[in-house]
Structures are given as structure tokens and as C-alpha cells.
Amino acid sequence: MAVSIPFVTEPEVDYGAVVEMAPGLRRVVANNPGKFTYRGTGTYIVGQGRVAIVDPGPDDADHIEAVLAAVDDEQVEALLITHTHRDHSPASQAVAEATGAPAYGFGPHPPADDDDGKSEERGDLRFVPDAAVVHGDVVEGPGWSFECLYTPGHISNHIAYRWREAAGVFTGDHIMGWSTTIVPPPDGNMTDYLASLRLLAEYPDDRVYWPTHGPPVNEPHALVEALYAHRLDRERQILECLATGPQTITEMVRVMYADVAPELHEPAARSVLAHLIAMTGDGRVSTDGEATPEAVYYRE
Ligand SMILES: [Zn+2]
């Protein structure tokens with residue numbers, strides 16, 4: 001039986017408006033809705049007077065203007081970048097120039113997540129953090145402090161920022177309330193993604209997640225458990241398919257995604273590939289040579 005995931009939705013947003021999401025937390029949404037960005041990129045402003053900005057967003061003049069207007073008479077102390085997809089980091093350049101704030105992030109765009117035309121989300125090849133952060137680093141300002149949670153999977157340079165005073169996490173694209181996260185090989189890594197899901201369970205007292213896309217998640221642990229169970233269910237389905245004999249990904253997708261529209265079978269195939277890379281890596285599944293989209297997979 002398929003796992004049911006407690007998704008949360010956001011019927012509409014007011015682009016460019018500054019909306020208070022919680023005490024000391026404002027959000028401005030960029031007008032870049034899409035199949036990977038949902039209603040658009042949510043840029044968060046944390047604190048009052050001396051603030052931090054999480055994911056400044058796409059290189060969009062209207063959005064940058066709206067974000068800068070929101071912090072017009074304030075001091076921006078830090079730009080916190082979750083990862084280098086183009087809907088997250090590019091605006092940091094203009095916001096940094098206007099405010100003098102340093103940009104924090106894990107590192108530049110990973111070469112393996114390249115623009116080969118197949119990658120679902122395109123990379124920001126210009127971004128370089130002023131301050132590189134790793135797991136466990138803390139970025140502090142007046143009234144706020146962020147613990148950096150290294151959360152690879154969606155992309156190898158993903159950091160979630162845990163706002164300790166609020167017991168909440170800015171989860172970027174690692175956890176989104178409205179959709180599962182894409183884990184695109186070769187840079188996207190299912191083994192890492194599953195470990196990054198488990199990591200969040202180590203903070204059971206966290207009360208809310210603020211993803212970059214979509215509404216706040218107010219029952220975060222139930223969502224994380226369901227997302228995890230959903231991925232394990234996909235692995236179980238793969239093993240079931242292979243119990244009938246050697247198969248290609250195309251054959252498995254036809255069975256596993258029988259109830260899903262055919263136009264979604266291509267992204268589904270990439271997700272199955274991500275699982276198979278993990279499962280051939282740990283020996284649960286075999287293939288001759290590399291785990292590729294065209295390979296034949298089997299169980300010994
Ligand atoms: Zn992304």
C-alpha cells in the first residue's frame with residue numbers, strides 16, 4: 001500500500017508583499033511559480049533591526065527590490081544560502097552589494113549537478129560564499145542564531161538552517177510541505193538524502209519547518225517520517241519488480257507508476273535511478289557495469 005504523505009498547500013500568495021509568518025519572521029515570495037518552485041521562492045527575513053535573510057532568491061529585479069524595500073531601514077547581517085539552484089542563491093549578489101552583508105553557504109555549485117539539459121533545476125554557477133559553513137557551524141546575530149545542518153541529497157551543497165531561538169528549521173528544498181523532493185543523479189544522492197531525513201529526527205523538539213517553497217510545516221516530524229517511509233516503499237517496490245526477473249528502469253516504472261500520468265514517467269525514472277544507484281551501491285541489487293538509465297537490473 002502506498003504511503004500517504006501529509007502534504008500542506010498554500011492556495012495563493014501575494015508576490016512582493018512582506019508577510020509576517022511568526023514573531024520575528026517575515027517572508028517575501030518571488031513571482032517565479034513553477035513545477036519545482038510551487039508558488040515561488042519564499043525569501044525569509046529573520047529578526048528585527050539587525051536581520052538575517054534566508055535564500056535571497058532568483059535574479060529577479062522586482063523580487064530583489066521587494067526584499068531590499070522590506071529591510072530598508074534595517075541592517076542586514078547575514079545572507080544564508082541553502083543551496084545553489086537558481087531559484088535560491090542568485091539574488092544574494094545584488095542584496096550583498098546593496099547591504100554589505102556576507103553570504104553564508106556550503107560552497108559553489110557542484111560540477112556534477114551540471115546543466116546538461118536533463119537537470120530539472122538549473123545551477124547558479126556564479127555563487128561563491130563569503131563564508132563557507134559546514135555541519136554544526138553556528139551563525140549568530142542579535143536575537144537569532146542558526147545551526148547549520150548539512151543535508152545533501154537534493155544537491156550535494158545543501159544546508160538547512162536551524163533557528164535555535166524559535167525551534168524551527170529553514171529546510172530549503174530538503175523538506176517541502178507541498179511535494180516530495182527531487183533527488184537527481186549524479187550529484188543528487190539517495191543514500192545521502194535518506195541520511196539527511198534521519199538527521200532531522202535528531203532534533204525532536206523542533207516545532208516548525210519553513211521550506212523555501214510552500215507554507216510552513218507545523219507537524220514536521222510526521223512529514224519527515226512519511227517522506228522516509230515513502231522512499232522505503234519505493235525501494236520495496238523495486239525489489240518486488242526484480243523478484244520477477246531482470247528488468248530495466250522503463251519496465252519497473254511502468255509497474256511502479258501505473259497510476260501516474262505517462263508524462264511523469266521520465267522524472268519517475270530518474271528517481272528510480274537514484275534508488276538503484278543506492279541499492280547497487282550497497283549490494284541489494286546488481287547490474288553489469290554502472291547503474292545507468294539503460295542498464296538491466298537484477299537480484300542475485
Ligand atoms: Zn533546489
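When a ligand or atom number is given, it counts from 1 through the structure's own listing order.
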Inset, instruction - Could you note down all residue pairs passing salt bridge (Lys or Arg N to Asp or Glu O under 4.0 Å) where residues 62-74 supplies at least one of them, sequence neighbours left out? - result: Arg26-Glu74
Legend entry - Atom nearest to the Zn ion (ligand 1) - His85, N, O or S atoms considered: ND1
Inset, instruction - Please collect all salt bridge (Lys or Arg N to Asp or Glu O under 4.0 Å) contacts where either partner lies in residues 144-168, sequence neighbours excluded, each pair once. - result: Glu147-Arg162, Arg162-Asp206
Inset, instruction - Could you confirm whether His154 has any N/O/S atom lying under 2.8 Å from the Zn ion (ligand 1)? - result: yes
Inset, instruction - Decide, counting backbone as well as side-chain atoms, whether His158 has an N, O or S atom less than 2.8 Å from the Zn ion (ligand 1). - result: no
Inset, instruction - Using a cut-off of 6.0 Å, state whether more than 12 heavy atoms not belonging to Gln237 lie near its atom CD. - result: yes
Legend entry - Arg126 and Asp124 ion-paired at < 4.0 Å: no
Inset, instruction - Please find out if the Zn ion (ligand 1) and some N, O or S atom of Asp173 are separated by less than 2.8 Å. - result: yes
